[in-house]
**Student:** 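Let me give you the structure first, and then I'll get to my questions.
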Amino acid sequence: MWKQPYFVIGFSILAFFLAGSFVYEWIWGNVPRQVYYIMEGGRAVEGAPISPNWQFPLGSDQYGYDMLGKLMLGAKYTILAALAVGVLRMLIAVPLGYILGTYLDKHRKWISSLADSMHYIPLTLFAAFVLTPVLWMPQDGFTTTIWERIGVQVVIMALLTVPIVAVLIANEAALLRDKEFILAAKTLGAGRFRIIRKHLYPQMREKIAVLYGQQVMETFIVFAHLGLLNLFLGGTKVSYDPMFGDPPMSISYEWAGLFGSTFRYLQGAPWLPLAPVLFIALGIFAVSLMMEGYLRSKNPKVKKKRIAAAKDSVVEWNREQLREGMVRLKAKEMTETEK
């Protein structure tokens, strides 16, 4: 897998953002701020939000904070939360799917029909309804830490789609149970747990890995949707000042929060919402590259078999040509002997 360039490139992108986030916080600690862009001679030519320039490559926000610095600080929260949601979702859904596809096969159809109905209701609506009491800051402030709120959000978002993923696993397991090698294992006395461990899981390992990557990419998208609803990862900072209250802001500087809090500047300062969107797209692209590299690392066996089969066919063809040549030579010798 590490020899595949697709996997290495995708992993390098995520590793760069994660390592850069921790290093940036360790070196600078906070995001630099500059309310005015000052040219040579001390003349201020632009106020916040400052457009992209050599000092602020992605510009600054409406308060003068560097957007690149905020994105780097929030990278660890966004990426780690998305990966954690995918891991927790698969850890719960895969065993449930195997149980549903083997032990509870009689009930699989009506459970699948019930879970399929969840496809028609957007996941963002479920998440927004459940997460609003957790992420929206009350008037007296939060009573929990940022990591506690992130943990609660990760668990809730993982549980919301567990039924759908479990049904997918169960349907795939039910298809494999009709294969000849599974029937042979049952005939030899293999139990259901052994069939799951020795036959179903090895056959579905690649599909489970791809499904995990899809869940991570879906989590990035749901984060962006929640950002538009002002529900940010780690909590939404809300000002209750009736006269000079600030709009909702992200506490952790995670990418979806920066996107949602700056979306209203799309017309006047487009670099504010587009920069977080670019980073989210890079995260999804990196996961997609890792999935492609993983699949390519598992396919050389098939290619080797095809190459071996092609070599065998060439060898067999050469043998056939040799036999035909020997027959012709023997016939020619017999003809010359008769003459």
Side-chain angles (χ1 to χ4, degrees), residues 10 14 78-131 134 150-179 182 192-193 195-226 231 233 256 280 283-295 298:
L14 292 183
T78 308
I79 297 174
L80 292 177
L83 296 177
V85 169
V87 168
L88 185 60
R89 191 175 293 172
M90 299 304 294
L91 287 177
I92 300 174
V94 171
L96 289 178
Y98 283 142
I99 293 173
L100 180 60
T102 53
Y103 293 92
L104 302 176
D105 189 56
K106 295 181 180 179
H107 307 282
R108 181 172 55 86
K109 291 185 178 179
W110 71 267
I111 294 177
S112 299
S113 301
L114 184 63
D116 288 340
S117 62
M118 298 180 65
H119 285 286
Y120 301 98
I121 302 176
L123 176 61
T124 306
L125 295 181
F126 278 119
F129 179 76
V130 178
L131 291 173
V134 179
I150 290 176
V152 172
Q153 183 175 355
V154 166
V155 172
I156 292 176
M157 291 187 63
L159 293 177
L160 286 177
T161 55
V162 162
I164 298 175
V165 180
V167 166
L168 292 176
I169 299 294
N171 293 335
E172 188 67 24
L175 292 175
L176 289 176
R177 284 191 301 105
D178 297 331
K179 299 293 183 180
I182 300 290
R192 294 177 180 177
F193 181 73
I195 289 175
I196 292 174
R197 186 168 57 91
K198 292 292 185 180
H199 300 286
L200 293 181
Y201 176 71
Q203 290 291 325
M204 298 174 59
R205 185 163 47 198
E206 296 180 13
K207 293 183 179 180
I208 290 175
V210 173
L211 187 59
Y212 168 71
Q214 292 174 350
Q215 298 305 310
V216 174
M217 291 190 291
E218 181 188 9
T219 303
F220 275 115
I221 296 173
V222 174
F223 280 162
H225 292 170
L226 291 176
L231 293 175
L233 180 66
I280 293 174
I284 296 175
F285 179 65
V287 176
S288 179
L289 286 179
M290 293 176 67
M291 289 169 52
E292 181 66 22
Y294 175 79
L295 291 177
K298 300 300 178 181

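Note that the structure is a prediction, hence the values are computed from the model and not measured. In what follows, residues are counted from 1 in the order of the sequence shown.
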**Student:** CG of Leu211 to CD1 of Ile169: how many Å apart, nearest 0.5 Å?
**Tutor:**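 The CD1 atom of Ile169 is 5.5 Å from CG of Leu211, to the nearest 0.5 Å.
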**Student:** Suppose we screen for side chain to side chain donor-acceptor pair (under 3.5 Å). Which residues come up paired with Lys207, at least two apart in sequence or across chains?
**Tutor:** Glu172
**Student:** Taking the side chain as every heavy atom from C-beta outward, state whether Thr102 and Leu200 have any pair of such atoms under 4.5 Å apart.
**Tutor:**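 Yes; the side chains approach each other to less than 4.5 Å.
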**Student:** Using the side-chain contact (heavy atoms from CB on, under 4.5 Å) rule, take Ile221 and Ile284 through it: C-alpha gap first, then chi angles, then the decisive distance, then the call.
**Tutor:** CA-CA 9 Å; Ile221 296 173; Ile284 296 175; 4.0 Å; yes
**Student:** Which heavy atom of Ala81 sits nearest to which heavy atom of Leu233, and what is that distance?
**Tutor:** CB-CD2, 3.6 Å
**Student:** Does Gln215 offer a backbone N or O that forms a donor-acceptor pair with the side chain of Thr219 under 3.5 Å?
**Tutor:** yes
**Student:** Applying side-chain hydrogen bond (donor to acceptor under 3.5 Å, both in side chains) as the test, list every pair that has at least one member in residues 157-170; sequence neighbours left out.
**Tutor:** Arg89-Thr161
**Student:** From Leu160 CG over to Leu125 CG, what is the distance, rounded to the nearest 0.5 angstrom?
**Tutor:** 11.0 Å
**Student:** Do you know which two heavy atoms are closest between Val85 and Ala158, and how far apart they sit?
**Tutor:**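 Result for this residue pair: O-CB, 3.9 Å.
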**Student:** Are Leu131 and Met157 side-chain neighbours, meaning at least one heavy-atom pair lies under 4.5 Å?
**Tutor:**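 Result yes, sub-4.5 Å side-chain heavy-atom pair found.
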**Student:** Taking atom CD1 of Ile164 and atom CD of Glu218, what is their separation to the nearest 0.5 Å?
**Tutor:**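 Taking CD1 in Ile164 and CD in Glu218, the distance rounds to 7.5 Å.
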**Student:** Using every non-hydrogen atom in the two residues, find where Tyr98 and Ala173 come nearest and quote the distance to one decimal.
**Tutor:**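 Closest heavy-atom pair between Tyr98 and Ala173: CD2-CB, 4.3 Å.
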**Student:** Closest approach of Leu226 and Ala127, non-hydrogen atoms and distance?
**Tutor:** CD2-CB, 4.1 Å
**Student:** So which atom in Leu96 and which in Ala166 form the shortest heavy-atom distance, rounded to 0.1 Å?
**Tutor:** CB-CB, 4.1 Å
**Student:** Which is it for Met217 and Met291 under the side-chain contact (heavy atoms from CB on, under 4.5 Å) test, yes or no, and what are the steps along the way?
**Tutor:** CA-CA 11 Å; Met217 291 190 291; Met291 289 169 52; 3.8 Å; yes
**Student:** What closest approach, in Å, do Leu83 and Tyr212 show between heavy atoms, and which atom pair accounts for it?
**Tutor:** O-OH, 3.4 Å
**Student:** Who pairs with Glu292 by side chain to side chain donor-acceptor pair (under 3.5 Å), at least two apart in sequence or on another chain?
**Tutor:** Arg296
